[in-house]
Amino acid sequence: MGSDPHQLSLLQGFGTPKNAPGTSPAAATNPVAQVLIETSLPHLDRIFDYVVPEALDAEAVPGARVKARFGGQEMSGFITRRTSNAPEGVKLAPLAKVVSAQPVLTDELLRLATAVAERYAGNVSDVLRAAIPARVAKVDKEFAARPEQPVAPDATSADGAGYPEPSAGAAEAYAGYEGAGDFLAQLAAGAAPRAVLASHKSYGRASWAAQVAHAVASVRQSGRGAVVVVPDAKDLASLEAELQQVLGADQYVRLTAEDGPTPRYRNYLRLLHGEVTVAVGTRSAAYAPVQDLGLVALWDDGDDLLLEQRSPYQHAREVLLLRSAQSGCAALFAGVSRSGEVERLVGSGWASALTPSRPFLRKATPRILNTADSFQQERDPMLRHARLPHAAWRAAQEGLERGPVLVQVARTGFSPALSCQDCRTPARCTDCNGPLAQSGRTATPACRWCGRLATNYACPECGSHRLRASVAGALRTAEELGRAFPGATVVSSSGDHIKSVVESKNALVVATPGAEPVAPEGYAAALLLDGNAMLSRESLRTPEDVLRKWFRAASLVKPSSEGGLVVVTADQEAVVAPLVRWDPAGAAAREMQLRRELQLPPAVRIAALTGKASGIEAFMADFELGGSLRSVGPVELPSREVQERPGESSEHRLLLFFSYQDGPKVTAALRHRKAALAAKRVPDPVQVRCDGIDLL
DNA sequence: GTGCGAGTATGA
DNA sequence: CATACTCGCACC
C-alpha cells in the first residue's frame with residue numbers, strides 16, 4: 001500500500017462528504033469516543049478510541065453502554081468521554097452500536113472503579129461489572145419517555161418544613177453516646193465528619209439501624225445524599241424499617257441483587273437522574289450513583305459477605321473508604337464489634353469513635369455469663385455433668401417466661417453431629433443425652449450440650465464403636481432443644497430459611513450466626529452454645545470473628561435492667577472477656593497491637609499470588625522487593641483434586657506483605673507485571689489477590 | 001478470542 | 001520465485 005495508512009483512515013473517519021462505500025460519515029463534533037472495553041484481560045483493561053458514526057452521535061453520550069469491534073469480536077464497553085482529536089498513528093474503527101444511551105458510567109464512578117482496581121491490582125472493568133447493574137430494555141424506555149426532571153430533591157420535599165430539629169428520635173437512638181449530637185450536627189451543616197460507631201443494640205429505637213437512619217436524615221438536612229451498605233437482606237430489612245420511619249419510604253431506594261434485574265436497574269437510574277438521593281443495599285450499593293454525596297455508611301464491616309466473591313475480591317469497606325476520600329464526604333462505620341481494619345481508622349485518628357459511656361452500657365446491655373469460666377465452675381460443680389450447663393439451662397427456662405430466647409449454634413459443617421456407623425443411631429452423650437459432635441480438630445467426639453468428651457463411645461443399640469458424621473444443622477438442634485424445653489415454640493433460622501423477625505413471646509429460637517431473627521422487644525436471654533467449635537477454626541481471623549458473632553447475638557437481648565442475660569460456653573477466656581465487659585474497642589485494640597508486633601494483617605497489607613510454581617517464579621523474576629515489602633513462600637497448597645495427575649504440577653501460593661503506605665506502589669507494580677505477562681501470554685498464569693481475609 | 005503481518009517452509 | 005502455512009502479538 002502506497003500512502004500512509006493512518007492518513008487515509010483519518011480522512012475517512014472524519015467524514016469527508018464522499019466516503020468509501022459502506023463507511024458512514026462521522027459525527028460533526030467530538031467524533032471520537034473513548035471507550036472502556038469490558039474484558040478481564042489485564043493488558044486490555046484500558047481505554048480505546050472509536051469513531052462515532054453520525055447516526056449514533058446523539059445516543060453515544062459519555063457513560064453510555066456500547067458495542068464495538070475489538071480484535072476479532074464485538075465487545076461491550078462504556079463511553080468514558082467524547083473528544084475531537086484522534087490519537088496519532090492508529091486507524092479508528094467505528095463504534096458498532098449504542099446499547100443504551102443511559103449514562104450509567106459516571107465520571108465519579110469511573111474514578112472510583114479505577115481507584116478500587118488500583119488498590120486491588122485488578123481490572124477496572126471487573127469492578128464495573130459489580131458496580132453497574134445489568135441493563136433492562138424496558139426500564140430504559142421508561143426513562144427515555146420520562147421528561148428530564150433533575151428535581152432538587154433536597155430538604156424541601158418530604159421533610160416539609162425541614163428536618164424536625166435534632167429530632168427526638170435521633171436523641172433516643174444515640175442516647176448515651178457522647179459526641180453523637182456533634183456528629184449529627186456536622187452532617188446537617190454540610191461538613192464531612194468521619195466516625196466509627198459502636199452500636200450496642202440491634203432492635204428497638206436505639207438500634208444500629210435507627211442510628212444509621214438518623215445519620216442519613218441529618219446529612220439530608222444539608223441537601224446531600226447518602227449511601228448505606230449492609231451485609232445481607234436481613235440487615236437491609238432492619239435498616240429499611242427505620243428509614244421508612246425517619247425519612248419516608250419514597251425517600252430512598254434499595255440496590256440489591258435479590259430484587260432481580262428490573263427493580264435494581266430502575267433504582268440505579270432513579271439515583272442517576274437525581275430522583276432520589278439515598279441508596280441502601282448490599283455490597284454493590286457502595287457504587288450507587290448518588291448525586292452530591294454527603295455520607296457513606298457501612299454496617300458490620302467484619303461480615304465476610306461484604307467481600308466481593310469475584311475478582312478483584314474488593315471489600316465494601318475499602319470501596320467506601322476510597323469513595324469518601326475521593327468525594328470528600330462523611331463516613332460512618334457502625335458495628336457492635338470492631339474489626340481490625342476499622343480499629344486502624346480510629347487508631348490513626350482518621351475517624352473518631354462514637355462510643356456509649358460505661359455507666360450507660362452497664363444498664364443498656366444484657367448481663368453476660370461465661371459458664372466455662374473457672375469461677376463459675378467452682379461455684380457450680382455440677383456444671384460438667386449437668387445437662388446443658390446449669391446456668392444456660394436456667395437462663396433459658398426463666399427467660400422463656402419473659403420473652404423469646406435465642407440459641408446460637410454453629411453453622412452446619414462446623415460441628416457435624418455423629419451417629420453410629422453401623423446402625424445409624426444418633427450418638428448421644430451418656431450423661432445428658434445431648435448430641436455428640438466432632439468439634440474442631442480433636443479426635444474425640446464431645447457432647448454439644450455439656451461438652452463432656454465421649455471417650456470410647458459405644459452405640460447403645462448395637463454396641464459398635466465406629467461413628468460417622470451426619471448433618472445436624474440448626475434444624476436438628478432445634479428439635480433436640482424442643483424436647484428439652486417442652487411448652488416452648490421452637491423456631492429455627494439458618495441457611496436458606498432465615499427469619500427476619502420473631503414475634504412469639506415464648507419462642508425458643510435456634511439460629512446460626514448471622515441468621516438470628518430480631519425480636520422486636522428484645523430476647524429475654526441468649527445461649528451462645530458452640531463457642532468452642534467456632535473457636536477451633538484455624539484462622540488468624542477466628543477470635544475477632546467469633547467475638548463479632550457473639551456481640552451481634554448479644555445485641556439482640558434485653559438490657560440487664562430488664563433481666564436480659566447472655567450465657568456463653570467457651571473455654572478461651574481471653575476471647576470471652578471483652579464480651580463479658582462489653583468492650584469491643586478494647587478487644588480490637590489489643591488484637592491490633594498483637595498484629596502490629598507480628599506484622600500481620602490488618603496491621604499490614606498482603607497480596608497472595610496463586611498458581612503453578614513455575615508461574616509464580618516467572619512472575620517474581622524481576623519483581624523488586626524492598627521497603628516494607630517481603631515475601632513468604634511459595635508453599636504448595638493442599639490440592640483439592642481427588643487425584644493429582646502425574647506430571648501436572650500443583651498449585652502454589654506466595655504471600656507478599658507490605659505496609660499500607662507502600663500499598664499503592666506495590667499494587668501498581670503487581671498490576672503492571674500482571675498485564676505484561678498476560679500480553680506476552682506466558683504459560684502458567686498467576687492469580688493475584690490482595691487482602692483476602694480468609695487466606696491466613 | 002481473532003485477524004494480520006512477518007517470517008519461514010515448501011514445491012514448481 | 002510464488003504460494004502455503006505457522007507463529008506471535010496487537011487489538012482503537
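Sequence lines set the chain letters: A, B, ... in the order given, protein chains first and strands last, and positions in each chain run from 1.
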Is there any protein nitrogen or oxygen under 3.5 Å from a nitrogen or oxygen in nucleotides 7-12 of chain C, and what are the pairs?
{"unit_1": "C:dA10", "atom_1": "N6", "unit_2": "A:Arg681", "atom_2": "NH2", "d": "2.7"}
{"unit_1": "C:dC11", "atom_1": "N4", "unit_2": "A:His43", "atom_2": "NE2", "d": "3.3"}
{"unit_1": "C:dC12", "atom_1": "O3'", "unit_2": "A:Asp49", "atom_2": "O", "d": "2.1"}
{"unit_1": "C:dC12", "atom_1": "O3'", "unit_2": "A:Ala93", "atom_2": "N", "d": "2.9"}
{"unit_1": "C:dC12", "atom_1": "O2", "unit_2": "A:Asp49", "atom_2": "N", "d": "3.0"}
{"unit_1": "C:dC12", "atom_1": "O2", "unit_2": "A:Asp49", "atom_2": "OD2", "d": "3.4"}

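Of all heavy-atom pairs spanning A:Ala131 and A:Tyr268, the tightest one is O-CE1, 3.7 Å. Residues A:Ala286 and A:Val319 approach most closely at CB-CG1, 3.8 Å, considering heavy atoms.
Annotation: A:Tyr120 is not in aromatic contact with A:Tyr313 [ring centroid separation under 6.0 Å not met].
For A:Arg270, the salt bridge (Lys or Arg N to Asp or Glu O under 4.0 Å) partners at least two apart in sequence or on another chain are A:Glu275. Evaluation of the side chain to side chain contact (heavy atoms under 4.5 Å, CB included) rule for A:Arg344 yields A:Met592, A:Tyr660 as partners, not counting sequence neighbours.
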